[in-house]
Protein chains: 2
Amino acid sequence: MTERRSSDQTRAAILRAARQRFAAQGYERTTIRAVAADAAIDPSMVMRYFGSKEQLFDAALAVDLRLPDLGAVPAAEVPAALVRHFVERWEGDPADDALLVLLRSAVTHEQAADRMREVFAAQVAPALAAALGPERAARTAGLVSAQLLGLALTRYLLRLPAVTALSPDDLVAGLAPALAATLAG
Amino acid sequence: MTERRSSDQTRAAILRAARQRFAAQGYERTTIRAVAADAAIDPSMVMRYFGSKEQLFDAALAVDLRLPDLGAVPAAEVPAALVRHFVERWEGDPADDALLVLLRSAVTHEQAADRMREVFAAQVAPALAAALGPERAARTAGLVSAQLLGLALTRYLLRLPAVTALSPDDLVAGLAPALAATLAG
DNA sequence: TCCTGATGTCAACAGCCGTTGGCCAACAAT
DNA sequence: ATTGTTGGCCAACGGCTGTTGACATCAGGA
């Protein structure tokens with residue numbers, strides 16, 4: 001174990017800068033040169049650490065939704081808990097751009113869309129299955145995701161005034177009954 | 001009035017090719033050269049007809065949602081009518097990519113996001129106001145849009161299997177009660 | 001006949017991009 | 001003292017992009 005201190009630091013700096021750029025501008029508009037400038041190093045270092053722009057992108061796409069264990073909450077409160085967790089996740093730590101990277105890029109980049117589907121299959125679907133039982137989850141998981149991602153899309157990417165104007169509490173109050181309705185369907 | 005036949009035709013051909021490219025690949029990945037090749041003309045003609053890539057893009061963003069008059073349907077049937085019209089609009093004529101262009105590009109291109117907000121303000125908001133009355137529309141238009149655009153996002157852009165697996169009827173059955181719930185909220 | 005305007009082609013420019021390879025300084029081990 | 005490794009910079013290549021301007025073609029009016 002030699003001193004890898006500096007190496008790890010710049011690697012992290014590159015990844016942080018890349019996440020910010022990818023989140024703000026999407027894949028095609030962010031350049032290696034800009035990421036390198038943000039991280040205060042030479043563009044060629046980005047290549048040395050990550051191999052290529054695609055691989056850097058891939059590293060930036062790692063996302064953990066940190067979904068709560070929905071099996072623990074009473075069935076009646078699942079919708080509100082879902083919306084609240086989701087909003088807090090987006091509204092919260094602005095340095096945590098991983099989610100934004102994923103959603104913004106997935107719309108134009110097939111590789112990111114693949115990741116999105118993986119995240120969905122590996123994290124969202126099981127969480128819902130734990131809360132609702134397998135059959136109901138299979139029937140409603142798609143529409144539940146559509147509603148939650150629709151919120152993210154209109155509020156954080158498109159920034160529709162009618163959506164950004166709402167407070168987090170408004171969002172919970174307005175969407176929780178909607179989720180409850182599709183779950184009951 | 002001289003014979004402008006050829007001019008109008010190539011102009012339309014360029015616009016058609018541009019819409020397809022923008023819809024499939026987004027703004028940054030579509031090149032003037034590719035659009036010109038699709039339209040079977042020289043790249044410089046695109047510039048002559050539209051001035052610049054940005055202006056061509058702007059022309060491609062013209063969208064008419066053709067929302068039905070919701071004032072005519074009974075209040076109880078508004079949610080289902082909304083979802084059905086929306087799904088038919090997307091599912092229908094595949095040559096009509098204008099909506100896809102707008103949504104796909106709005107996520108990474110600020111100019112397109114502006115257009116999206118304009119379309120919302122000029123078409124969606126008034127239609128809802130006619131159906132629900134001004135105060136309720138103001139309160140719920142944002143969340144209704146979020147749910148409808150969430151469907152478009154997950155079904156046509158991200159193509160989440162759990163959403164593409166559903167039939168149009170499933171979508172109406174699953175989302176109409178949800179919309180009704182937020183409208184009642 | 002000559003001219004003019006529209007329609008279209010061709011070739012090139014300038015800029016930015018991802019990527020590469022060579023060179024340098026510091027430092028640890030031999 | 002020499003060697004090898006690590007972390008870093010610099011300059012360049014080749015490719016693709018939007019964009020431009022010079023030229024070709026051809027119809028129709030003076």
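Residue numbers start from 1 in every chain, and the chains themselves are labelled A, B, ... in the order their sequence lines are given, proteins ahead of strands.
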Taking only the side-chain nitrogens and oxygens of Ser7(B), find out if one of them lies under 4.0 Å from OP1 or OP2 of dA6(C).
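Checking Ser7(B) against dA6(C): no side-chain N or O falls below 4.0 Å of OP1 or OP2.
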
Within this structure, what is the [atom1]-to-[atom2] distance between [X] and [N], rounded to whole angstrom?
| X | N | atom1 | atom2 | value |
| --- | --- | --- | --- | --- |
| Glu28(A) | dC16(C) | CD | P | 19 Å |
| Phe57(A) | dC17(C) | CZ | P | 17 Å |
| Arg29(B) | dG18(D) | CZ | P | 13 Å |

Could you give the distance from [atom1] ([X]) to [atom2] ([Y]), rounded to the nearest 0.5 Å?
| X | Y | atom1 | atom2 | result |
| --- | --- | --- | --- | --- |
| Thr108(A) | Glu28(B) | OG1 | CD | 7.0 Å |
| Gln9(A) | Ile14(A) | CD | CD1 | 12.0 Å |
| Leu179(A) | Gln147(A) | CG | CD | 5.0 Å |

For DNA chain D, which residues of residues 44-54 of chain A approach it to below 4.0 angstrom with any heavy atom?
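Only Ser44(A), Met45(A), Arg48(A), Tyr49(A) qualify.
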
Near DNA chain D, which residues from residues 30-43 of chain A have a heavy atom under 4.0 Å away?
Arg33(A), Ile41(A), Asp42(A)

With axes from five pairs an end, tell me the bend angle of the helix from dT1(C)-dA30(D) to dT30(C)-dA1(D), nearest 10°.
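Inter-axis angle at the termini of the helix from dT1(C)-dA30(D) to dT30(C)-dA1(D): 30°.
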
Would you say Asp38(B) and Gln20(B) are linked by a side-chain donor-acceptor pair, where the criterion is simply a distance under 3.5 Å?
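Not at all, the side chains of Gln20(B) and Asp38(B) share no donor-acceptor pair under 3.5 Å.
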
Is it the case that Arg29(A) and His109(B) place a side-chain donor and acceptor less than 3.5 Å from each other?
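Yes.
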
Would you check if the side chain of Arg155(B) reaches a backbone N or O of Leu160(B) as a donor-acceptor pair within less than 3.5 Å?
no

Glu110(B): partners by salt bridge (Lys or Arg N to Asp or Glu O under 4.0 Å), with sequence neighbours left out:
Arg159(A), Arg117(B)

According to the side chain to side chain donor-acceptor pair (under 3.5 Å) rule, which pairs have a member within residues 169-184 of chain A, sequence neighbours left out?
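Applying side chain to side chain donor-acceptor pair (under 3.5 Å) to every pair that reaches into residues 169-184 of chain A, excluding sequence neighbours, yields Ser167(A)-Asp170(A).
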
Please list, chain by chain and in numerical order, all residues satisfying side-chain hydrogen bond (donor to acceptor under 3.5 Å, both in side chains) with Ser52(B), sequence neighbours excluded.
Gln55(B)

Would Arg115(B) pass as a cation-pi partner of Phe120(B), given that its NZ or CZ must be under 6.0 Å from the six-membered ring centre and within 45 degrees of the axis?
no

